[in-house]
**Student:** 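Encoded as structure tokens, here's the structure I'll be asking about.
The sequence lines fix the lettering, A, B, ..., with proteins before strands; numbering per chain opens at 1. These numbers come from the heavy atoms of this one structure, side chains and all, not from hydrogens, waters or symmetry mates.
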Protein chains: 2
Amino acid sequence: MQGAPPEEMKERCETIAAILKTLANPQRLTILCTLTEGEKSVGELQKICGISQSVMSQHLARMRLQGFLRTDKRQNFVYYYISDERILKIMQSLHDVFCAE
Amino acid sequence: MQGAPPEEMKERCETIAAILKTLANPQRLTILCTLTEGEKSVGELQKICGISQSVMSQHLARMRLQGFLRTDKRQNFVYYYISDERILKIMQSLHDVFCAE
DNA sequence: TTTATATATTATAATTTTCAAATATAGAAT
DNA sequence: ATTCTATATTTGAAAATTATAATATATAAA
């Protein structure tokens with residue numbers, strides 16, 4: 001048995017928990033699931049996910065500020081896509097665990 | 001483009017988000033990390049993780065009620081271990097993404 | 001039986017998250 | 001210039017989470 005938890009483990013757990021907190025919301029997960037298929041405009045995401053304009057924008061802002069997502073403005077639309085490799089890997093793993101046959 | 005999100009996706013996202021909510025706490029993650037190495041008594045967990053008695057017990061109760069953990073009482077100690085294969089897989093995946101070289 | 005140890009539960013206050021409504025902005029179309 | 005469309009931001013209330021303290025329980029030891 002060792003003494004205190006390696007400080008490193010605690011710090012990592014804080015970092016990871018902060019990321020998981022953002023994932024741990026049904027609407028944000030639905031948005032991310034949708035984006036794993038490729039970029040979507042905000043309006044498309046609203047329709048596909050059934051989330052209101054304001055709430056959608058708030059979720060997207062949070063994930064953008066946290067570095068999960070980036071945007072690409074074309075015409076008068078804003079397209080969002082997953083820009084964080086770690087998020088893609090986690091989504092893949094969640095798919096394997098919960099959605100695979 | 002399809003219409004509404006498959007209801008199945010929404011439902012799965014709710015289930016998964018509920019699980020991630022429990023994971024998304026630095027202390028609970030630290031506890032789970034520790035338990036990936038094998039079962040530990042409550043007292044051992046308190047020392048290793050540096051978490052107070054009451055808070056530890058509340059975290060353990062939550063994870064036990066959610067089916068992540070089970071207990072084994074021996075002597076006058078309660079040993080906790082991870083009993084949900086999905087949690088083990090997620091922890092492994094988080095390790096791969098955030099802690100691997 | 002009393003006391004000590006290990007763990008669990010309850011209550012409550014503080015903090016954080018979430019949703020909804022209103023308002024703001026920016027570019028395109030008229 | 002005005003209006004419309006797409007998106008973002010702000011605000012405030014409701015709900016959920018977290019920490020802390022107090023109390024409870026159950027078993028072992030004295």
**Student:** Mind checking B:Val55 for me? I need base, sugar-phosphate or nothing, with any heavy atom below 4.0 Å counting as a touch.
**Tutor:**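 Base, at least one base atom sits under 4.0 Å.
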**Student:** Are A:Glu11 and A:Thr15 linked by a side-chain donor-acceptor pair shorter than 3.5 Å?
**Tutor:**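 A:Glu11 vs A:Thr15: no donor-acceptor pair found between side chains.
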**Student:** Could you pick out which residue, A:Ser57 or B:Gln75, lies toward the 5' side of DNA chain D when each is mapped onto its nearest nucleotide?
**Tutor:**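 Nearest-nucleotide comparison on DNA chain D picks A:Ser57.
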**Student:** Whole angstrom is fine here: how far is it from NZ in B:Lys73 over to P in C:dA6?
**Tutor:**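 Rounding to the nearest Å, NZ of B:Lys73 and P of C:dA6 are 16 Å apart.
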**Student:** D:dA8 C1' sits how many Å from A:Arg62 CZ, rounded?
**Tutor:**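 One finds 17 Å between C1' of D:dA8 and CZ of A:Arg62, rounded.
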**Student:** Side chain of B:Thr34, backbone of B:Thr30: donor and acceptor closer than 3.5 Å?
**Tutor:**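 Yes, because the side chain of B:Thr34 sits within donor-acceptor range (under 3.5 Å) of the backbone of B:Thr30.
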**Student:** Under 4.0 Å between a side-chain N or O of A:Arg28 and OP1 or OP2 of C:dC19?
**Tutor:**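 Checking A:Arg28 against C:dC19: no side-chain N or O falls below 4.0 Å of OP1 or OP2.
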**Student:** Ignoring hydrogens and geometry beyond distance, is the side chain of A:Gln53 in donor-acceptor contact with the base of D:dA6 at under 3.5 Å?
**Tutor:**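 No, the side chain and the base share no sub-3.5 Å donor-acceptor pair.
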**Student:** Going from CG on A:Leu94 to CZ on B:Arg86, what distance comes out if it is rounded to the nearest 0.5 angstrom?
**Tutor:**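 Those atoms lie 11.0 Å apart.
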**Student:** If you go through the side-chain atoms of A:Gln58, does one of them form a donor-acceptor pair with the base of C:dA20 closer than 3.5 Å?
**Tutor:**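 Per atom types, the contact qualifies.
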**Student:** Is a salt bridge present between A:Glu39 and A:Arg74, judged by a nitrogen-to-oxygen distance below 4.0 Å?
**Tutor:**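 Looking at A:Arg74 together with A:Glu39, the answer is yes, because their closest N to O distance falls below 4.0 Å.
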**Student:** When the nearest nucleotide of DNA chain C is assigned to B:Phe77 and to A:Asn76 on a heavy-atom basis, which residue is associated with the more 5' position?
**Tutor:**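 First, find each residue's nearest nucleotide; the 5'-ward one identifies B:Phe77.
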**Student:** Between C:dT9 and B:Ser54, counting only base atoms on the nucleotide and side-chain atoms on the residue, is there a donor-acceptor pair under 3.5 Å?
**Tutor:**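 A donor-acceptor contact between them is present.
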**Student:** Does C:dA28 have OP1 or OP2 sitting under 4.0 Å from an N or O in the side chain of A:Arg74?
**Tutor:**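 Checking C:dA28 against A:Arg74, no side-chain N or O comes under 4.0 Å of OP1 or OP2.
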**Student:** Contact class for A:Tyr80 vs. all strands (heavy atom < 4.0 Å): base, sugar-phosphate, or nothing?
**Tutor:**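 Sugar-phosphate, backbone atoms only, no base.
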**Student:** Regarding B:Arg12 and B:Glu8, does a basic nitrogen lie under 4.0 Å from an acidic carboxylate oxygen?
**Tutor:**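 Judged by the 4.0 Å cut-off on N to carboxylate O distance, B:Arg12 and B:Glu8 do form a salt bridge.
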**Student:** Just N and O in the side chain of B:Asn25: are any of them under 4.0 Å from OP1 or OP2 of D:dT17?
**Tutor:**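 Checking D:dT17 against B:Asn25, no side-chain N or O comes under 4.0 Å of OP1 or OP2.
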**Student:** Just how far, in rounded Å, is P of D:dT9 from CG of A:Leu60?
**Tutor:**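 After rounding, the gap between these two atoms is 11 Å.
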**Student:** Between D:dT7, D:dT9, C:dT18, which nucleotide has the shortest distance from any of its atoms to the side chain of A:Val78?
**Tutor:**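 Nearest nucleotide to the side chain: D:dT7.
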**Student:** Within the pair A:His59 and C:dC19, is there a side-chain N or O less than 4.0 Å away from OP1 or OP2?
**Tutor:**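 A:His59 to C:dC19 OP1/OP2: side-chain N or O found under 4.0 Å.
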**Student:** Would you kindly give the OH-to-P distance between B:Tyr79 and C:dT7, to the nearest whole Å?
**Tutor:**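 Rounded to whole Å, this separation is 8 Å.
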